[in-house]
Amino acid sequence: MSMAKTEKSAAASAAAPGDTSPNGSAAPELRYNPAEIEARWAERWAAQPDLYAAEPHSSPRPKYYVLEMLPYPSGVLHMGHVRNYSIGDALARYMWMQGYNVLHPMGWDAFGLPAENAALKNNTPPRQWTLQNIAAMKRQMNRVGFSYDWQTEITTCLPDYYRWNQWFFLRMFERGLAYRKKSKVNWCPQCATVLANEQVVNGCCWRHEEQTVEQRDLEQWFLRITNYAQELLDDLAKLEGWPEKVRTMQRNWIGRSEGAEVAFELEDWSAVPEDEEKARKGTAILPPRTVAKGMGTKIAVFTTRIDTIYGATSLQLSPEHPIVRQMCAMNAPLEEAVAALLEQQRKAREAGDVGAIEKHGVFTGHYAFNPFSGERIPVWVGNYILTDYGTGAIMSVPAHDERDYEFAKKYDLEIRVVVLPRRPGDPEGEPMLPFTAEDSLLINSGDFSGQGCQEAQHKMAAFAQEHGFGKPTVTFRLKDWGISRQRYWGTPIPMLYCEKDGIVPVPDSELPVLLPGNIEITQQGGSPLARVPDFVNATCPKCGGPARRETDTMDTFVDSSWYFYRYCDPRNDRAPFDSEKIAYWFPIDQYIGGVEHAILHLIYSRFWTKVMRDLGLVRNDEPVERQFAQGMVIRNGAKMSKSKGNVVSPDEMIAHYGADATRMYSLFAAPPDRDLDWQEDGVAGISRFLARVYRFLMKHGGRGSEARAAHGSAPAQVSAATQALQRKLHQTIRKITQEYAGRWHFNTCIAAVMELVNTLTAAEPQIAAGEVPDAVLADVLRSLTLLLAPFAPYLAFELWEHLGQTGNLLRAPWPKFDEALAKEDQIEIPVQINGKLRAVICVDADAGEDAVRDSALASEKIAAALAGKEVVRLILVPRKLINIVVR
RNA sequence: GCCCGGAUGGCGAAACUGGCAGACGCAGCGGACUUAAAAUCCGCAGAUCCGAAAGGGUUGUGGGGGUUCGAAUCCCCCUCCGGGCACCA
């Protein structure tokens, strides 16, 4: 039989993947047909529900919990999902092969607004719409071949999940961690609901980028995340396996500021305001401690620069400060002016640039006393003073704060320097105001003059505390988490309102509070549940009288704050989970998702874990050991979106090139933490590569498998081709194994596999000539299949079987590399003269320095280049290079 | 304004600790096979200059300076792009 001829005709007839043109002369065994292979394996995998199941927590294997962020079931898988899950899947498969007991679950973040919008649009009930989408996306995920254990699947919109949201809420309520208060809330008219601070982006709704968020006063439920602000901040230091970027973002979000609170006493209410012009300048120093003139009303300010308090020349209050309200009540012109300031604030917020608001203010006509100096200073209202940070009031120190300086210039307020406007050692000169640096000395500051700023900060705060008008304090930017949503498709908040007993929690025995099924979704504002009498009308568990149910539902971020615990015990109907199972699986070893969740989801999750720990449910302080933020998938330089028309559908890619090529390209095109520019030609390239591998194994795999029995009895004398092949194999295994342990640069792993295949195909003549022992060939092909398995599982399973392997590929041990076999025996050493490459010499890998030097100097090119030059110095870096410095 | 990233051929990228810049792939060019095309296989390939060629020179990692025998990599300054925060007192 003419082997060459067979090969030729087969190669000639190999069709492109997706090429549907009939080709009668095809040799089917040599043609890579991903559609056929993948369909066959998908069917086989589907028939094995335990294929990806984790072993119980009694397993002797070390555990590994790898998790990808659960998706919202929009109905279509997009490329970002494919990339995210391909990373997790490669890792899960690798860890299985490394012998770990792997938990690799998937679920659905299934509550949320789109279901209600879809209901309005298509007249489909949210539940039905959501469950249909889940089915569709699950089908797509299985088509890609992700290794999820569907037996642990969770769906947050089903009562067996959300009842535990309610249960947790009740536990928090019992501990005062859930409370109700009236507050100004962010309201999105399009969503017709409240948004958390975290969901407001540039003053607009996170879902409706064009929609300005309004402010409304509503009674809302809050979770006291601020109780954990300090711990959330402190524990960031422990999260060494998290991207620095994510930790920084959280640190900024928590926004801890150390400073002091100081109370300024208001001058007697009844004092007649002087005329405004005079008032502005009214900073005449009164005798110290003229508190007799005070009236007992105090205005607390928060400052990080108490050391500059002798330079305070006015107080600035937020337009919404309670005292301002009182002042306005007896002063109509002031009320009008304050209303104007409020309006400016509102407009700025709606324009999304609170930071750029033009500063305006108004003098209230009142004065307050500086508790340190006793000085009488005017009280103003400023539109740049935030209501909900600190105390909503500040002391204005124009000389040492940029904002205060700007304001004082505009309104001609006194600017008094109390910090030497230069550092020790700086040349004297005109002060550059405002001077905000803290590494200087106080002046004009009573007994504190001459002290360093930072020293004075501590001493002055302590002084204030001793004398009862202040104290050191810490302020956080983080605010409590408002979770009430005036929506239907969410977890009902398990609370009742009884006329007699007030706010009453639903007893545990009555959980879950079920979301009613038949409800008409309309565009009216307010909670849809309020329009369902059967839902609203309830009985008070305390008095048995009539009660009204809470009709708001929970923010969906509640659902995703603890879902990963439920995967460990998904069907438990007595508790959210068995704590022993959690103790085994937690913390999550590796969490993978988009950086867009760096703040919201990841901070809520950390908070929830700490609450659960304090409830005695879990022992871990943090949910996630290592976090990975993958880059976005973009195309033509922009994020994929319908409006830009640059969306690539995974379905189309898979139909054309196969799932293996699609997911492998998503790992090859860029390192996983960087943005990935999708180029379809690249997918075609991967597909070609897989076809090469397939063809090679179809041709030579059989021979290798027959020789398995002879494995280990390789001849003592190996050919150069054999040695080169083995060397490349072991270098590749080493490289890839190191990447998994380190940076996860799967792009270079795949490149390494390509190089291995290039080496293999280059050696094809020698292999065909029998110069490579079958045992070696079998080892190479077997290892190649294993290396490929995490990236292209369908093809790997197919090849595994073709190689005659009978064990489960998923649990086949990851190949081990042998340093001795990976070692090069000859290495190339670049030789530079004055840092410029002049020659490359080839030496024995273990040649001594003298031998290498001699060899370099003996090189013709080097000898020629050195002629007539004086060698000043010779640098030899073993195994790296030689640099000869000449004159 | 502040805090993170990033910038390397025509393109995606590689070079992990300062040591041959451009691995691997895409697109391209040349060749083999073919009646032809596709597919496949082999080869070339940063730019520029000299040379018929073999080969060689110069230059080159956003820009400018510096440290070093040697810099994509370290230091200083600047530009541009992406992201986060933003009157947080």
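Values in this document were obtained by computation on a predicted structure and should not be read as measured data. Chain letters run A, B, ... following the sequence lines, proteins first and then strands; every chain starts at 1.
- Under a 4.0 Å N-O distance rule, the pair A:R247/A:E244 qualifies as a salt bridge.
- Nearest nucleotide to the side chain of A:R692, out of B:A13, B:C41, B:A14: B:C41.
- Counting only N and O atoms by type, the side chains of A:Q457 and A:D307 include a donor and acceptor under 3.5 Å apart.
- Taking atom P on both nucleotides, B:G6 is separated from B:G10 by 23 Å, rounded to a whole Å.
- No engagement by A:D677 is indicated, since no non-hydrogen atom pair under 4.0 Å with the nucleic acid exists.
- Listed candidates were B:C41, B:G82, B:C24. Nearest to the side chain of A:M754 is B:C24.
- With B:C69, B:G84, B:A23 as the choices, the nucleotide that has an atom nearest any side-chain atom of A:I599 turns out to be B:G84.
- Contacts of A:R251 with the nucleic acid, taken as non-hydrogen atoms under 4.0 Å apart, are absent.
- B:U79 and B:A7 make up a base pair, with Watson-Crick or G-U wobble contacts both under 3.5 Å.
- Atom CD1 of A:I829 sits about 7.5 Å away from atom CG of A:L876, to the nearest 0.5 Å.
- In terms of polar N and O atoms assigned as donor or acceptor, the side chain of A:D681 never comes within less than 3.5 Å of the base of B:C26 in a complementary pairing.
- Residue A:T748 places its side chain closer to B:A14 than to any other of B:A14, B:C16, B:C20.
- For the pair A:N383 CG and B:A89 C1', the interatomic distance rounds to 15 Å; values are reported in whole Å.
- Taking 4.5 Å as the limit, every side-chain heavy atom of A:R838 sits out of range of all side-chain heavy atoms of A:V831.
- The A:P671 side chain lies nearest to B:A13 when the options are B:A13, B:A89, B:G82.
- By the 4.5 Å heavy-atom criterion applied to side chains, A:L667 and A:I87 are counted as neighbours.
- For A:T248 and A:E406, each mapped to the nucleotide of RNA chain B holding its nearest heavy atom, the one lying further toward the 5' end belongs to A:T248.
- A:Q832 comes within contact range of at least one nucleobase, with a heavy-atom separation under 4.0 Å.
- Base pairing annotation: B:C16 forms no Watson-Crick or G-U wobble pair, as no partner gives both donor-acceptor distances under 3.5 Å.
- No contact: A:R879 has no heavy atom under 4.0 Å from any strand.
- Among the atoms of the strands shown, none is found under 4.0 Å from any heavy atom of A:I750.
- The shortest side-chain heavy-atom distance between A:R83 and A:W678 does not fall under the 4.5 Å cut-off.
- Under 4.0 angstrom from either OP1 or OP2 of B:G56 there lies at least one side-chain N or O belonging to A:K861.
- Spacing between B:C3 and B:A71 at atom C1', rounded to whole Å, works out to 27 Å.
- The shortest distance between the side-chain N/O atoms of A:R477 and the OP1/OP2 oxygens of B:A86 is below 4.0 Å.
- By the 4.5 Å heavy-atom criterion applied to side chains, A:Q731 and A:L756 are not counted as neighbours.
- In this structure, B:C74 and B:G66 make a Watson-Crick or G-U wobble pair, each of the two defining distances being under 3.5 angstrom.
- A:Y384 has no side-chain polar atom (N or O) that falls below the 4.0 Å cut-off from OP1 or OP2 of B:A89.
- The phosphate of B:C24 (OP1 or OP2) has no side-chain N or O of A:R688 nearer than 4.0 angstrom.
- Whole-Å rounding puts the A:Q457 CD to B:A89 C1' distance at 13 Å.
- When the C1' atom is compared between B:C2 and B:A89, the two are found 15 Å apart, to the nearest whole Å.
- Rounded to the nearest Å, the gap between the C1' atom of B:G62 and that of B:G9 is 15 Å.
- Ranking B:C20, B:C41, B:A89 by closeness to the A:T304 side chain, first place goes to B:A89.
- Straight-line distance from the CD1 atom of A:I833 to the C1' atom of B:G57: 14 Å, rounded to whole Å.
- Put simply, A:N252 has no side-chain N or O that comes within less than 4.0 Å of OP1 or OP2 on B:C2.
- When distances run from any side-chain atom of A:L837 to the nucleotides B:C11, B:C69, B:C20, the shortest one goes to B:C20.
- Listed candidates were B:C69, B:A14, B:G19. Nearest to the side chain of A:H745 is B:A14.
- Here the C1' atom of nucleotide B:C4 and the CE atom of A:M249 are 9 Å apart, to the nearest Å.
- Side-chain nitrogen and oxygen atoms of A:R743 include none within less than 4.0 Å of the OP1 or OP2 phosphate oxygen of B:C16.
- In this structure, A:G255 reaches neither bases nor backbone, as no heavy-atom distance under 4.0 Å exists between it and the strands shown.
- Remark: P of B:G18 and CG of A:L881 are 14 Å apart, rounded to the nearest angstrom.
- The separation of B:G60 from B:C44, taken at their P atoms, amounts to 26 Å, rounded to a whole angstrom.
- A close approach under 4.0 Å does not occur between any side-chain nitrogen or oxygen of A:R695 and OP1 or OP2 of B:A39.
- Regarding contacts with the backbone of B:C41, every side-chain N or O of A:T761 stays at 4.0 angstrom or more from both OP1 and OP2.
- Each of B:C11, B:A13, B:C20 was ranked by its minimum atom distance to the side chain of A:P830; first place goes to B:C20.
- When both pairing distances are held under 3.5 Å, B:G1 makes a Watson-Crick or G-U pair with B:C85.
- If you check every strand for non-hydrogen atoms under 4.0 Å, A:F668 touches a base.
- A:Y384 places a side-chain heavy atom less than 4.5 Å from the side chain of A:D404.
- Just one of A:Y657, A:Y694, A:F689, A:F696 meets the ring-ring contact (aromatic ring centres under 6.0 Å, His included) condition when paired with A:Y32; it is A:Y694.
- Rounded to a whole Å, the CG atom of A:L667 is 15 Å from the C1' atom of B:C24.
- Between the CZ atom in A:R606 and the CD atom in A:Q627 there is a gap of 11.0 Å [rounded to 0.5 Å].
- Atom CD in A:E739 sits roughly 13 Å away from atom C1' in B:A23 (whole-Å rounding).
- Nearest-nucleotide positions on RNA chain B for A:R305 and A:N758 put A:N758 closer to the 5' end.
- Side-chain nitrogen and oxygen atoms of A:K880 include none within less than 4.0 Å of the OP1 or OP2 phosphate oxygen of B:G18.
- The CD1-P distance, from A:I385 to B:A89, rounds to 12 Å in whole Å.
- Here, B:C76 and B:U67 have their P atoms 15 Å apart, quoted to the whole Å.
- The same atom, C1', is picked in B:A15 and in B:G66; the two are 24 Å apart, to the nearest Å.
- Separation of the C1' atoms belonging to B:A72 and B:C33 is 43 Å when rounded to the nearest angstrom.
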